[in-house]
Amino acid sequence: MNTQNPEHKIPEEILHLIAKSRSQMLKAEDQNQLNAWLNEHPENKEEMAHFQQILDRVHWQALANKVDLPEAWEKLEAQIQTKRKSRINFVFALRWAALFVLLAGLGFLLLYEGDHLNKQEEEPFVEVLPERMLKASLKLADGSLIALDTAQMQLKESAFEIQNQPGEKLSYSKNEAFKQKASQAVFHELIVPAGARYQLVLADGTKVWMNAASKLTYPVSFSDAERRVKLEGEAYFEVMSSAVPFIVEAGKQEIRVLGTSFNVSAYHEDANFETTLVSGKVLVKTEKDAMISLVPGEQARIDNLTQQAEKLEVETRLYTSWKDDVLYFKDMELRELIKRLERWYAIPIEIKNNEKADIQFTGAIENSRKVEFLLSLIAETTSISYEVENEHIIIY
């Protein structure tokens with residue numbers, strides 16, 4: 001018999017534990033206390049699930065818009081009430097809104113932007129699409145391929161040692177015991193497919209974050225004249241400072257630096273190639289020999305067809321946050337957002353209704369989320385709908 005008061009609310013201390021559980025920070029005694037409360041009444045599990053969904057949605061809104069959490073909640077609730085397409089009972093959920101804001105104020109909501117993003121695998125809304133897989137590979141000078149998702153590798157190439165942390169990072173370091181200088185350059189190629197990302201440390205100490213569907217060709221050892229690499233796709237560079245120039249070939253452009261941090265997006269299927277500077281200074285040279293000098297916060301945007309170039313002031317996190325496993329988008333058309341999601345998740349997405357392709361979105365999604373999480377939020381707050389069919393997504 002159900003004897004629970006219909007106005008029953010989750011105790012504040014239990015709300016704290018639920019918020020902490022979302023960030024995998026429960027101690028054993030905390031987990032025991034939460035389990036005891038869950039077992040007290042059959043409705044408690046349902047109420048916990050409702051509150052967890054509130055956590056997810058308000059965090060998403062705050063992450064996307066950099067607003068305080070009370071404002072984020074107010075915006076999200078208003079949008080969903082207008083569309084009346086929510087998958088949870090928000091009238092029921094509003095009973096906990098004030099306590100939720102209190103939790104955020106006390107610091108128990110641990111999903112803060114930038115410092116501590118929730119990396120745990122969330123329960124998906126629809127468990128139908130395959131998991132993202134890390135399947136980067138290294139192509140050696142002789143053409144052979146090494147799968148980096150499994151290879152605990154330690155190779156020696158000329159005067160350098162190559163080590164791989166499976167599924168994470170490939171690094172080159174000088175072998176001090178090797179005194180002879182290589183007679184000719186030896187090139188390797190790091191291949192990162194859709195749905196994956198990888199880190200690379202080059203021979204000079206330069207750090208490279210490779211985005212999905214990208215390739216980087218580079219010498220095992222750089223010459224004394226220049227440090228040159230060739231990029232297809234997208235990568236974020238933290239270049240080791242040196243008097244020897246570092247040059248990135250990306251399509252028909254060259255980016256020349258001495259020591260700086262910047263992002264290059266050079267997908268052949270995109271309308272523009274973009275170089276976004278975070279720190280230092282870079283010089284971008286186009287096919288038409290136009291020279292664009294960038295300072296932090298600026299971007300060189302080159303039309304992929306006409307090679308016309310322009311310089312813009314931009315919010316750099318919109319172009320660099322992917323390396324920290326967060327994809328930000330601001331006033332982005334659906335067609336462009338879909339393109340990025342396809343790369344991030346290696347999932348085909350088709351827009352059936354072309355009129356919806358121009359709809360603009362602002363938001364963010366963490367890589368630990370399933371793509372369905374973002375799509376469900378979009379569907380709740382706009383006129384689009386979607387379905388999963390044969391492991392691809394169709395948007396109507």
Side-chain angles (χ1 to χ4, degrees), residues 129-140 143 145-151 164 166-170 187-200 202 207-218 229-237 248-253 255 262-276 299 301-305 317-329 332-351 357 361 364-372 374-375 391-393 395:
L129 296 177
E131 299 288 338
R132 179 175 73 87
M133 295 191 297
L134 295 171
K135 288 195 172 180
S137 57
L138 175 65
K139 186 176 182 179
L140 301 179
L145 286 174
I146 298 176
L148 298 179
D149 57 327
T150 57
N164 181 53
E168 296 182 18
K169 182 170 68 175
L170 181 69
F187 287 89
H188 285 179
E189 184 175 75
L190 179 58
I191 304 168
V192 183
R197 275 161 298 287
Y198 221 79
Q199 292 184 43
L200 172 66
L202 295 170
K207 297 178 181 178
V208 187
W209 285 259
M210 297 287 294
N211 205 351
S214 301
K215 293 193 296 185
L216 187 73
T217 304
Y218 53 92
V229 300
K230 183 177 181 180
L231 173 68
E232 297 179 34
E234 185 168 21
Y236 181 90
F237 295 84
V248 180
E249 291 184 33
K252 297 176 181 178
Q253 64 178 317
I255 302 101
F262 60 101
N263 191 83
V264 180
S265 180
Y267 291 103
H268 292 294
E269 65 271 21
D270 285 358
N272 301 301
F273 284 2
E274 299 165 342
T275 301
T276 307
Q299 179 185 89
R301 184 175 297 173
I302 301 173
D303 187 285
N304 205 2
L305 293 178
R317 70 166 185 155
L318 296 174
Y319 303 92
T320 64
S321 62
W322 61 265
K323 78 180 182 66
D324 298 315
D325 286 335
V326 182
L327 178 64
Y328 285 97
F329 41 97
M332 182 179 290
E333 292 182 349
L334 180 61
R335 62 169 60 86
E336 180 63 25
L337 177 58
I338 292 310
K339 189 185 298 181
R340 298 195 181 196
L341 293 178
E342 285 184 317
R343 291 171 186 156
W344 251 47
Y345 293 99
I347 295 171
I349 304 176
E350 178 184 2
I351 303 176
F361 296 93
I365 186 169
E366 298 153 302
N367 186 240
S368 59
R369 306 286 188 181
K370 296 292 184 67
V371 65
E372 301 97 313
L374 177 61
L375 292 175
E391 295 192 350
H392 77 283
I393 295 172
I395 293 179

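None of these values were measured; they are calculated from a predicted model.
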Does N164 use its side chain to pair, donor to acceptor, with the backbone of L148 at less than 3.5 Å? yes
In chain order, what residues pass the side chain to side chain donor-acceptor pair (under 3.5 Å) check against N304, with sequence neighbours excluded? none
Is it true that K339 and E336 make a salt bridge, defined as a side-chain N closer than 4.0 Å to a carboxylate O? yes
Would you say I255 and F237 make side-chain contact, with heavy atoms under 4.5 Å? no
Shortest non-hydrogen contact from A212 toward G195: CB-N, 3.7 Å
Taking E342 for its side chain and I349 for its backbone only, find out whether a donor-acceptor pair lies under 3.5 Å. yes
My understanding is that only residues two or more places apart in sequence, or in another chain, count here; which of them pass side chain to side chain donor-acceptor pair (under 3.5 Å) with N211? E234
Contact between T275 and Q253 at the side-chain level, heavy atoms closer than 4.5 Å - yes or no? yes
Measuring from L202:CG to L216:CG, what's the distance to the nearest 0.5 Å? 6.5 Å
Tell me if a side-chain donor or acceptor on D303 pairs with a main-chain N or O of L305 at a distance below 3.5 Å. yes
Spacing of L200 atom CG and H188 atom NE2 [to the nearest 0.5 Å]: 11.0 Å
Stepwise side-chain contact (heavy atoms from CB on, under 4.5 Å) check, L190 with Y218: CA-CA 8 Å; L190 179 58; Y218 53 92; 4.1 Å; yes
Rounded to the nearest 0.5 Å, the CD1 atom of I338 sits from the CD1 atom of I351 at a distance of 5.0 Å
K207 atom NZ, neighbour heavy-atom count above 12 within 6.0 Å: no
Approximate separation, where rounding is to 0.5 Å, of R197 CZ and K323 NZ: 13.0 Å
State whether a side-chain donor-acceptor pair under 3.5 Å links Y236 with D324. no
Contact summary for P348 and E391, nearest pair of heavy atoms: CD-O, 3.9 Å
Tell me, do T320 and W209 make a side-chain contact under 4.5 Å, heavy atoms counted? no
Between atom OH of Y267 and atom CD of E232, what is the distance when rounded to the nearest 0.5 Å? 11.0 Å
Atom pair CD (E350) and CD1 (I393), whose distance is rounded to the nearest 0.5 Å: 11.5 Å
Could you check if a side-chain atom of F273 sits within less than 4.5 angstrom of a side-chain atom of K252, using non-hydrogen atoms only? no
Got R340 and M332 here, is their nearest side-chain heavy-atom distance under 4.5 Å? yes
Below 4.5 Å, heavy atoms only, C-beta onward: do L327 and L341 meet side chain to side chain? yes
Could you pull out all residues at least two apart from E189 that satisfy side chain to side chain donor-acceptor pair (under 3.5 Å)? T217
For residues R343 and A213, report the shortest heavy-atom separation together with the two atoms involved. CG-CB, 4.5 Å
Between H268 and G251, the two heavy atoms sitting closest are CE1-CA, 4.5 Å
